[in-house]
Amino acid sequence: MVYLTRKVEFCASHRYYIDEKSEEENLKLFGKCSYPHGHGHNYILEVTVKGDVNPQTGMVMNLTDIDKILKDVVVETMDHKFLNLDIPEFKDKIPTTENLVLYIWDSLVDAIDGCSLHRVRLHEDPFLYAEFYGE
Amino acid sequence: MENRQVNLTRVYQLSAAHYLKSPFLSEEENKKTYGKCGQVAGHGHNYIIRVTVKGPIDAVTGMVTDVAELDKIVRKYVIDPLDHRNLNIELSHLSILTTEMFIQEIWKRLKPHITQVELYSVEVDETRKNGFQYFGAGH
């Protein structure tokens, strides 16, 4: 079994805010992340797949295929978007790094063909990342 | 769905001095084992510390843990007391100041205070070329 990781970058904005709570409560809970007009990050996504090496191609999965999936499923939907507004999943759910990582996992898991999705790790900035192993 | 376990990692930097000397080895053996890391005047590193916690996502906040709270704990018990200090002096209770020993000390300092979520691992990069990971005793 070999693990293969591909990275892709997307830039997006978001805001942490709970409608039912007051501006003050939100500020206390989320700090700067609750500022009214949102803010953004250069996200770096690492997607790791695992599988046996195909004896004919010498590959676990063709990088071109992974790139196409990442482009169609992640970059097209998330790059240069306001995540709270542009992704229906986050209409009533805050697009925290943790929630994004589950959303990306769910979007990718069935699209990966011929091997299996092992880990999705999303860096919000150089100092914070979330990851999910399908547990 | 809400019970899915997500890891959240926060990255910190700590700059400190140390040198390596084992009380269990002779001077000769120390020299042979640690080379230039054993020079008693010491040297320093920009340690990169990654603290990973693990748990389900809170349905209201969308977070595994309050990152500001985690930052406070790590700063209070690890960064503030050790940043820009000499580890051989600050952690003189440790027999040898290798990163292997240091990483366990970091775990020990954090573990009792991280109560809202599971402390999953601590990683320490001593330089860009060597790093360590610790999952707690028995792992």
Side-chain angles (χ1 to χ4, degrees), chain A residues 14-22 25-35 39 41 43-46 48 83-84 87 89-109 117-135, chain B residues 1-15 46-76 78-80 83 106 110 114 116-125 127-128 131 133-135 139:
Chain A
H14 67 174
R15 184 192 183 200
Y16 290 11
Y17 194 83
I18 297 169
D19 288 335
E20 292 74 30
K21 292 188 187 289
S22 71
E25 284 174 308
N26 273 292
L27 187 62
K28 203 174 159 204
L29 200 51
F30 299 121
K32 295 189 278 193
C33 297
S34 73
Y35 287 174
H39 62 279
H41 299 287
Y43 288 96
I44 295 171
L45 174 68
E46 292 177 35
T48 304
L83 301 172
N84 303 63
I87 298 183
E89 170 87 5
F90 299 113
K91 192 171 172 289
D92 302 309
K93 193 193 269 185
I94 305 171
T96 57
T97 318
E98 294 95 314
N99 276 332
L100 286 170
V101 102
L102 290 186
Y103 171 74
I104 293 168
W105 175 280
D106 290 340
S107 307
L108 289 177
V109 71
L117 187 56
H118 173 65
R119 183 185 74 191
V120 168
R121 176 184 278 181
L122 183 65
H123 299 259
E124 179 182 272
D125 61 29
F127 310 103
L128 182 123
Y129 60 82
E131 62 191 0
F132 183 58
Y133 289 85
E135 291 180 305
Chain B
M1 291 289 264
E2 290 76 15
N3 286 327
R4 296 198 285 179
Q5 301 282 307
V6 173
N7 292 359
L8 181 88
T9 302
R10 195 74 167 136
V11 185
Y12 308 89
Q13 183 178 311
L14 185 160
S15 305
N46 296 323
Y47 291 96
I48 301 293
I49 299 173
R50 292 184 208 89
V51 177
T52 301
V53 296
K54 180 179 185 173
I57 298 176
D58 182 286
V60 177
T61 64
M63 305 196 289
V64 165
T65 195
D66 182 344
V67 170
E69 200 53 44
L70 179 65
D71 283 352
K72 254 188 228 169
I73 294 168
V74 176
R75 291 197 191 292
K76 181 170 178 189
V78 176
I79 308 295
D80 291 347
D83 189 29
I106 294 171
L110 294 179
I114 297 178
Q116 306 299 313
V117 67
E118 178 194 343
L119 177 60
Y120 177 69
S121 82
V122 171
E123 287 175 65
V124 178
D125 291 348
T127 69
R128 272 175 290 188
Q133 189 167 19
Y134 185 62
F135 295 88
H139 292 277

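- Remark: A:E25 engages no residue in a salt bridge (charged side-chain N to carboxylate O under 4.0 Å, His left out) (not counting sequence neighbours).
- No side-chain heavy atom of B:T65 sits under 4.5 Å from any side-chain heavy atom of A:E98.
- When heavy atoms are compared at a cutoff of 4.5 Å, A:F30 approaches chain B solely by way of its side chain, counted from C-beta outward.
- A distance of 11.0 Å separates CD1 in A:I94 from CD1 in B:I57, rounded to the nearest 0.5 Å.
- A donor-acceptor contact shorter than 3.5 Å is absent between the side chain of A:T96 and the backbone of B:M63.
- Listed by sequence position, B:E123 are the residues of residues 117-125 of chain B in contact with chain A, using a 4.5 angstrom heavy-atom cutoff.
- Partners of B:Y12 by ring pair (Phe, Tyr, Trp, His ring centres under 6.0 Å), not counting sequence neighbours: none found.
- With a 4.5 Å cut-off on non-hydrogen atoms, B:V67 touches chain A through its side chain but not through its backbone.
- A 6.0 Å sphere centred on CZ of A:F127 holds no more than 12 heavy atoms belonging to other residues, nucleotides or ligands.
- Among residues 128-135 of chain A, the residues having any heavy atom closer than 4.5 Å to a heavy atom of chain B are, in sequence order, A:L128, A:Y129, A:A130, A:E131, A:F132, A:Y133, A:E135.
- Counting heavy-atom pairs closer than 4.5 Å to chain A, the top-ranked of the candidates B:I48, B:V64, B:T52 is B:V64.
- In this structure, chain B has no heavy atom under 4.5 Å from any part of A:P95.
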